[in-house]
Every structure is written in structure tokens, then in C-alpha cells.
Amino acid sequence: MINEKDVQFYKENGYLLVRGVYNQQEVEEMRTAVEGIIQRAARAKSDQNHAWQGDFLPPEQLKKLVLKGFHDVQYHDAAFMRAAIHPRMTEVLNGIIGPNVQLHHSKMLVKPPSNGAAFPMHQDYPYFPHRDHTMLAASVHLDDADMENGCLCVVPGSHKQGVLPHVGAYYLNHKEHPLSSGTPCPAKAGDVLFFNYLTIHGSDVNRSERTRRNILFQYRDASDVPTADVHFDWGMGLMVSGTNPDFNNVKPKYEIISAK
Ligand SMILES: O=C(O)CCC(=O)C(=O)O
């Protein structure tokens with residue numbers, strides 16, 4: 001699926017777009033699963049807006065923006081578990097990360113037409129810092145994405161700058177790091193954009209009449225460890241490929257919610 005040149009590209013640029021990781025049928029299965037989550041969340045009255053807040057857009061514009069986001073989608077529908085460990089996905093992960101890969105967490109990001117939320121430029125590092133910086137996002141496209149419907153933009157090579165100071169709700173100063181500083185990564189449904197958690201990235205508002213649905217999996221080398229007690233997720237530590245060299249090192253914390 002990828003070759004040595006691709007791996008080199010990722011190392012140099014901190015990102016890699018891989019075409020056709022999922023076929024049409026697999027994409028369709030995930031779309032149905034996304035719709036199911038949205039429906040069930042609405043019935044459970046858990047469908048709050050996850051649009052990022054801050055000062056990166058005027059308040060009256062921010063107010064209108066909507067993001068349907070849910071974490072750990074593999075706990076909602078098995079389609080996402082199959083996607084997380086899909087052989088074509090693991091092949092790329094093995095090329096970039098190495099043989100032993102763990103899932104850290106997942107989320108779905110649905111930007112509805114006309115008012116789908118923007119993500120100001122940021123690194124993912126502050127949300128779940130790790131020692132060896134092996135963490136990467138694999139953003140699975142369930143729709144064709146371009147600048148019109150708010151595709152991802154990355155700053156090539158920015159992972160080499162290391163950890164940068166973030167402001168407010170963990171994004172970079174938007175005057176120093178405007179969205180226009182990023183390289184747009186238009187993609188087709190089934191394509192996956194891989195980017196390191198130090199790579200600066202963001203995305204614009206969905207101004208089109210098309211929905212933009214992405215599933216984002218965060219993966220890390222199984223020997224990498226968190227350096228702060230933040231963002232401990234249910235999915236954290238699930239072996240996606242290989243073996244766990246340090247199984248005593250990190251134990252996920254579970255919160256028991258009593259049944260009503
Ligand atoms: O999917 C997107 O447009 C951006 C998502 C993102 O940057 C994030 O979740 O950290």
C-alpha cells in the first residue's frame with residue numbers, strides 16, 4: 001500500500017495522504033454507522049454541538065457553526081472496530097510507526113452543509129502528550145473533501161519544530177498561524193490522511209452544500225507512554241498490530257457509570 005518513498009515523505013513532512021484505503025462498500029458501512037450514532041444520540045438527547053470555541057472567528061459566526069462529534073466510535077458500532085484494524089490501515093501504520101501499534105482513541109467529525117465548524121490551526125500534542133511523539137492521526141474520509149466543504153490543511157514539516165505554545169482551548173495563535181498557512185489536503189471518500197500529533201493542522205468552515213464526514217483514529221507505538229494524566233480514553237491501548245512490549249506500563253482507567 002505504501003513504499004519507502006512514502007515513509008520518507010511522512011518523516012520529512014509529518015503527513016501522508018494514502019488513497020483508497022477503504023473501498024466503496026466499507027465507506028458506505030461507516031456512513032451508515034455514523035448516521036446510526038447521530039440518530040441514537042438524538043434519541044438519548046446527547047447530541048450536543050462540539051464546535052470549537054475561541055477567538056479565531058467573530059463570535060456571531062462561531063455561534064452558527066455546528067460539529068457533530070463523538071469519541072470512541074468503536075464502542076458505538078463494530079464497523080469502526082473493523083476499520084481501525086483493517087489490513088490496509090495496519091499496513092500503512094506498520095510502515096510509519098512500526099510493527100507494534102496501539103489505538104489511543106477515535107472520533108467522528110461531521111461538518112454539516114453550510115455551517116460545519118472550523119478547526120483553528122493546532123497540534124494535537126497538548127491534548128495527549130507522549131514521550132516519544134509517535135502518536136499520529138489517521139483521518140478517514142467518508143466524503144470527498146475540498147476547501148469548499150472544509151478539508152484538512154497541514155503545515156508540511158511543522159512537526160520538526162517540536163511542541164509549540166498553544167493558547168486558550170489548545171489552538172495556536174490564529175494571527176501567527178492562520179488557516180491560510182496550511183496546505184490543503186483535498187481527498188476522496190476512502191482516502192486516509194495520516195499526520196503526526198506535532199504537525200500543525202486545521203480546517204475551515206464547511207461553506208458548501210455537501211456534508212463532510214471524517215473518522216479520526218489516533219494511533220501510537222505500543223512502547224510510547226503518556227507524560228500527563230490527561231485524555232485517558234476507553235480505546236487507549238488496544239493492540240491494532242504486533243505485541244505490547246510494556247504491558248505493565250500503562251493501564252487505562254475506567255469509570256463505572258451505574259445503570260439507571
Ligand atoms: O477533521 C478536521 O477537520 C480537523 C480535526 C482536528 O483537527 C482534530 O480533531 O484535532
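Numbering of ligands and ligand atoms starts at 1, following listing order.
- Under a 4.0 Å heavy-atom criterion, Asn214 is not in contact with ligand 1.
- With respect to Arg213 and Asp143, a salt bridge is recorded, a charged nitrogen being found less than 4.0 Å from a carboxylate O.
- The aromatic ring centroids of Tyr15 and Phe9 lie less than 6.0 Å from each other.
- Ring to ring, His71 and His231 are close: their centroids are under 6.0 angstrom apart.
- Applying the 4.0 Å criterion to heavy atoms of Leu109 picks out, from ligand 1, the atoms 1 (O), 5 (C).
- If you look at Arg212 next to ligand 1, the close heavy atoms, those under 4.0 Å, all belong to the side chain.
- Under a cut-off of 6.0 angstrom, the local environment of CD in Gln25 is sparse, with at most 12 non-hydrogen atoms contributed by other residues, nucleotides or ligands.
- Contact atoms of ligand 1 toward Lys107: 8 (C), 9 (O), 10 (O) (distance under 4.0 Å to a heavy atom of the residue).
- Listed by atom number, the atoms of ligand 1 under 4.0 Å from Ser203 heavy atoms are 2 (C), 3 (O), 4 (C).
- Classification of the Tyr197-Tyr125 ring pair by plane angle, with boundaries at 30° and 60°, yields perpendicular.
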